[in-house]
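Okay, so here's the structure we're looking at.
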Amino acid sequence: MALTGRAALLAALGSIPIGILEPGWTGILAVNGPLALACVCDYALAAPVRRLVLSRSGDTSTRLGETADVTLTVTNPSRRPLRAQLRDAWPPSSWQPGTETEASRHRLTVPPGERRRVTTRLRPTRRGDRHADRVTIRSYGPLGLFSRQGAHKLPWSVRVLPPFTSRKHLPSKLARLRELDGRTSVLTRGEGTEFDSLREYVPGDDTRSIDWRATARQSAVAVRTWRPERDRHILLVLDTGRTSAGRVGDAPRLDASMDAALLLAALASRAGDRVALLAYDRRVRALVQGRSAGDVLPGLVNAMAALEPELVETDARGLTAAALRTAPRRSLIVLLTTLDAAPVEEGLLPVLPQLTQRHTLLVASVADPHIARMAEARGTTQAVYEAAAAAQAQSERQRTAEQLRRHGVTVVDATPEDLAPALADAYLALKAAGRL
């Protein structure tokens, strides 16, 4: 039997499979025929969601702390205008805390047969790849009583790169490099291992640099000038084991190590040296080698973006074997790891001769500035106990560093803010001394 009047309206209302009705309205509609008719008409006039055509464009990478804009283009092929609320879903770490709702939700109106764009601005809080989840659209009728809702899978990813905050130190380190390389008026004489030129002796020059044969051929005393060797091999080794997961301030130790490695890579590539990267814990996590001077820094940044600390003990023997395979020729191996006593004494020291026999080894470690503040604390019993614990920790690190130095290893131990410039200075000192 055919339904008529209010019953027909309610039956039509109940047959809407994807309509969304605010709670409490069902009872009202049951006794209000005109309102039920308005709701059915409102639903019928809402633009269909599943027929919409969506596409993405925009940034595919950004640095940690910076923003990335991803644009959604919504095309409405239907004959009804689209009045919609849109949610562009991304992982929570894609925004600063508390800003997700404002950044991911958009309102838009798209006339029939036209398209509109909305932009989602990401500000990631972690390195790595951020993948878009889905786009949920709620299409409203002209009265806003009923809506259709649907979701579209629309893949997109943004790679969040290391911030490279130590870039600010690069100009000063390059100036020091130019001094060593003899390109400025403040030329460093008698240093390096590659002969550069002869010049006339001036008071204060190192007498060991006098070229007696050249002096005999001319009336003035001639001295040799030297420049640092170029085309040396530098291997940066990142320890990604459990000790790199320890947080110093707001970031893991691994992040500070990567920042220092990037500054050294930028400096070494400008110096004409070849730079490679190895990240290891129990297996190779990243490997970059054979890049030209112009490509080495982008290659390192891209490889480091996806690195995360692994909660496993680093295999020192495996790390040594991987480093020796990666650096077959004599190289400067820069190992960014911990100076904690147990990992060094049980892991690194037994395999140290394999590295130092053919290569120059530099060990860099991130120190915790909180321990230094604890060591200076006084005034209360608790503060005195904390100072004693901090002094003991500092003493153990110094003892571990001395053990490494006795094996001919250069050691850099600095806080996250100071590690990058300290490591660059150590590299320049080795270069000036002709040890590369």
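Numbers for residues simply follow the sequence, beginning at 1. Heavy-atom basis, side chains included; hydrogens, waters and symmetry copies ignored. In this text, all values refer to a predicted model and were calculated from it rather than measured experimentally.
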- Item | Heavy-atom donor-acceptor pair, D133 side chain to A89 backbone, under 3.5 Å | no
- Item | R126, CZ atom: more than 12 neighbouring heavy atoms under 6.0 Å | no
- Item | N/O donor-acceptor pair under 3.5 Å between D273 side chain and R232 backbone | yes
- Side chains of Y427 and L423: does their closest heavy-atom pair fall under 4.5 Å? no
- Task: Please report the closest heavy-atom contact between R121 and A103, naming both atoms and the distance.
- Result: O-CB, 3.9 Å
- Rounded distance [0.5 Å steps], CD1 in I137 versus CD in Q85: 11.0 Å
- Note: E386-R373 ion pair, threshold 4.0 Å (strictly below): no
- Hey, what do you get for CZ (R51) to CZ (R79), rounding to the nearest 0.5 Å? 8.0 Å
- Item | Side chain to side chain, L361 and L352, heavy atoms closer than 4.5 Å | yes
- Message: What I'd like to find out is whether the side chain of P124 reaches to under 4.5 Å of the side chain of T62, using heavy atoms alone.
- Response: yes
- Query: Pick from R253, R397, R242: which one makes a salt bridge (Lys or Arg N to Asp or Glu O under 4.0 Å) with D340?
  - Reply: R397
- Considering non-hydrogen atoms only, spot the tightest contact between A271 and K431 and give its length. CB-CE, 3.9 Å
- Is R399 salt-bridged to E345, cutoff N-O under 4.0 Å? yes
- Item | Test item: S269 and L297 side chains (from C-beta on) under 4.5 Å apart, heavy atoms | no
- Note on the structure: Heavy-atom nearest pair, N76 first then P111, reads ND2-O, 3.6 Å
- Taking C-beta and beyond as the side chain, do L174 and P171 meet within less than 4.5 Å on heavy atoms? no
- Query: Is it the case that S166 and D259 place a side-chain donor and acceptor less than 3.5 Å from each other?
  - Reply: yes
- Would you mind telling me which of R105, R134, R56 makes a side-chain hydrogen bond (donor to acceptor under 3.5 Å, both in side chains) with D88? R56
- Item | For Y280 against D315, the heavy-atom pair lying closest together | CE2-O, 3.7 Å
- Query: About how many Å separate CZ of F164 and CG of L300, when rounded to the nearest 0.5 Å?
  - Reply: 10.0 Å
- Task: Keeping the roles fixed (side chain from R83, backbone from G141), state whether a donor-acceptor pair exists under 3.5 Å.
- Result: no
- Is it true that a side-chain atom of R330 and a backbone atom of A327 form a donor plus acceptor pair closer than 3.5 Å? no
- Query: Has R167 got more than 12 heavy atoms of other residues, nucleotides or ligands less than 6.0 Å from its CZ?
  - Reply: yes
- Tell me, do V135 and V74 make a side-chain contact under 4.5 Å, heavy atoms counted? no
- Task: Determine whether H131 and P155 make a side-chain contact, defined as any pair of heavy atoms from C-beta on separated by less than 4.5 Å.
- Result: no
- Item | Least distance between heavy atoms, L404 atom then L348 atom | CD2-CD2, 4.0 Å
- Task: Mind checking the OG-CZ spacing from S57 to R117? Nearest 0.5 Å is all I need.
- Result: 6.5 Å
- What are the two closest heavy atoms between L235 and A323, and how far apart are they? CD2-O, 3.6 Å
- Note on the structure: Interatomic distance, CG@L267 vs CG@L428, rounded to 0.5 Å, equals 5.0 Å
